[in-house]
Amino acid sequence: MKFSRLRGVKDVFGDETEIWEKISSAARKMFSLYGYSNIITPVIEDVNLFARGIGEGTDIVLKEMYDFKDKGDRHIVMRPEGTASVVRAYIENSLPPKSDLYYYGPMFRYERPQKGRFREFFQIGAESFGDPSPFKDAEVIKLAEGLLKEAGIQDRALVINNLGAKKDYRYNLVKFLEERKEHLCGDCLKKMERAPVRVLDCKNEKCKEAVKNAPLITDNLTPEAAAHYAEVKRLLTECGIKFTEDPKMVRGLDYYTGTVFEFTTSILGPQQNTILAGGRYDNLVAEFGGKSTPATGFAMGLERAAEVIKSQQTGAADEMSGAFIVYDSKHREMAFSILNMLREAGIKTLMDFEDRSFKSQFREADSKRVRHVIVIGDTEAQAKRLAVKDMKDGAQINIEINEAAAYLKAGK
RNA sequence: GCGAGUGUAGCUCAGUUGGUUAGAGCACCAGGAUGUGGCCCUGGGGGUCGCGGGUUCGAAUCCCGUCACCCGCCCCA
């Protein structure tokens, strides 16, 4: 019986895990620099956490949740994103009012798979609680940018917006759209009720034309939001962060209330080009029953970030390192003890346990890109010495066994 | 969820109007004088032609279904 993986999920290994590790170590470094601590929350949660948190009307909740009933008849969902869980945990565990947290783990969405879009995907995210200041927004964006930079992602652009509109904005926008109803596509008509701002972002040419003079959110911010937004922009410039503004950018999660931002890349195609996104959500903690607490955060998609790094990689060969033991089968015991000795001395050492020709063993040593080959044939075994060949220049020397570790460690 | 495309060896792909034992390159394995890699040469292993059904004397090739990937839309990281 042969099995294959389920739709939209993938096995990650080899070069790709290497890139993932590079990203996560970049993340650990940046988070520690900014004083964030790690939080691990369960993959499964109660459905209502996301229905309430992300928004009842969003696509994620409406049709993309991986949900099921467990044996106790509980309605469970495999988390489609990280923020709702972290907010829940923040309240439930009475974490300090000011908390800076980061997380790493798999998320699940029942979507049609495509390049850079999976049903199980990994996110690294950050959530900062308790600070309403525009400085915090700028700091979070600076952190996000630092993380991308540290991970080696050069191909990135930052887009920002603010969603702090006046109360009557939505009403006025809907009214504007109602008047142009006949020019809008079917999707937009649906969006009009649920998330009217989204209509402004439609790619359909007719819709674009129809909404050309629609009231923009940035022209209808509350005085506080406008001041906050201006301050965030000033601070970003102060930090040396380049950005563009997009008054039509809206995020797909309903909880955002102020600054929103997205880092995009050009290599993933127009629909999956967001690699990191986030924003301010000052009402969510209160909506979840906690004490009213301002908050802001972001999430990065590992698969997409890795894809960008992969596309940037030059074909440079890896450095040669470590040693490979080539031996005559009669002396396998001796070779094995040398192997253990070198490893205990902290030297990366490889060896093949099958009886293979010197030629085969050397070929393997070469493909493993080791710097040195230790040869143990009859001559060496009798003299209780080792021949050490430098695979870079082909030079070979003969040394005492107890000199080997020091010699290899010295490298070249 | 809607619309289109693709699916042949580990990888990238050939495969003529349906016709014998399905091919190439790369990768892998072995050998190329006496124990020594890369380049080169010789040989070798490896394929339920995505899967299931149908048409036919005969199907990788035609038809139907199904699964997967991928592209556009939707949405999002």
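Naming: A, B, ... by sequence-line order, numbering from 1 per chain.
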Checklist entry - What interatomic distance, in whole Å, is found between P of B/U61 and the corresponding atom of B/U8? => result 13 Å
Checklist entry - Looking at the side chain of A/Tyr110, which of B/G1, B/U36, B/C70 is the nearest nucleotide? => result B/G1
Checklist entry - So what does A/Arg119 hit on the nucleic acid, given a heavy-atom distance under 4.0 Å: a base, only sugar-phosphate, or nothing? => result nothing
Next on the checklist: Distance criterion of 3.5 Å, no angle test: do you see the side chain of A/Lys389 paired donor-to-acceptor with the base of B/G37?
Outcome noted: yes
Checklist entry - NZ of A/Lys359 versus P of B/C41: gap in Å, rounded? => result 13 Å
Checklist entry - Is any side-chain nitrogen or oxygen of A/Arg109 closer than 4.0 Å to OP1 or OP2 of B/C75? => result no
Checklist entry - Would you call A/Leu221 and A/Tyr169 a side-chain contact if the rule is heavy atoms closer than 4.5 Å? => result no
Checklist entry - Given the C1' atoms of B/G53 and B/G15, what is the spacing between them in whole Å? => result 25 Å
Item to check | Interatomic distance where CZ belongs to A/Phe108 and C1' belongs to B/C76 [whole Å] | outcome: 16 Å
Next on the checklist: So for atom CZ, which belongs to A/Phe353, do other residues, nucleotides or ligands contribute more than 12 heavy atoms lying within a distance under 6.0 Å?
Outcome noted: yes
Checklist entry - Would you say the side chain of A/Thr83 lies within less than 4.5 Å of the side chain of A/Tyr103, judging by non-hydrogen atoms? => result yes
Item to check | Side-chain H-bond candidate by donor/acceptor type, A/Thr259 with A/Asp137, under 3.5 Å | outcome: yes
Item to check | Distance below 4.0 Å between A/Arg356 side-chain N/O and B/A30 OP1 or OP2 | outcome: yes
Item to check | Nearest-angstrom distance, C1' atom, B/C40 to B/U56 | outcome: 50 Å
Next on the checklist: Expressed as a whole number of angstroms, how long is the span from A/Phe358:CZ to B/C29:C1'?
Outcome noted: 19 Å
Item to check | Residue mapping more 5' on RNA chain B - nearest nucleotide basis, A/Gly8 or A/Glu303 | outcome: A/Gly8
Checklist outcome for this item: A/Arg363 atom CZ is separated from B/C39 atom C1', nearest whole Å, by 11 Å
Next on the checklist: Does any part of the side chain of A/Tyr110, heavy atoms only, come nearer than 4.5 Å to the side chain of A/Asp67, both counted from C-beta?
Outcome noted: no
Checklist entry - Atom CH2 of A/Trp20 and atom C1' of B/A77: how far apart are they, to the nearest Å? => result 12 Å
Checklist entry - Which nucleotide, in any strand shown, forms a Watson-Crick or G-U wobble pair with B/A24, with both distances under 3.5 Å? => result B/U12
Next on the checklist: Partner lookup for B/G43, please. Criteria are Watson-Crick or G-U wobble with both distances under 3.5 angstrom; report none if nothing qualifies.
Outcome noted: B/C29
Item to check | Interatomic distance where CZ belongs to A/Phe362 and P belongs to B/G37 [whole Å] | outcome: 7 Å
Next on the checklist: Around atom CZ of A/Arg385, are there more than 12 heavy atoms from other residues, nucleotides or ligands closer than 6.0 Å?
Outcome noted: yes
Item to check | Assigned partner base of B/U66, Watson-Crick or wobble definition, under 3.5 Å | outcome: B/G50
Checklist entry - Nearest nucleotide by nearest heavy atom, which residue falls closer to the 5' end of RNA chain B, A/Val9 or A/Ala277? => result A/Val9
Checklist entry - Just how far, in rounded Å, is P of B/G5 from CD of A/Gln114? => result 16 Å
Item to check | Separation of atom CD in A/Gln396 from atom P in B/G37, rounded to whole Å | outcome: 11 Å
Checklist entry - Distance between the C1' atoms of B/G54 and B/G18, in whole angstroms? => result 15 Å
Next on the checklist: So, does A/Ser360 get its side chain near the phosphate of B/A30, meaning an N or O under 4.0 Å from OP1 or OP2?
Outcome noted: yes
Next on the checklist: What's the gap between B/U34 and B/G19 when it is taken at their P atoms, as a whole Å value?
Outcome noted: 49 Å
Checklist outcome for this item: Re B/U56: Watson-Crick or G-U wobble partner, both distances kept under 3.5 Å, found to be none
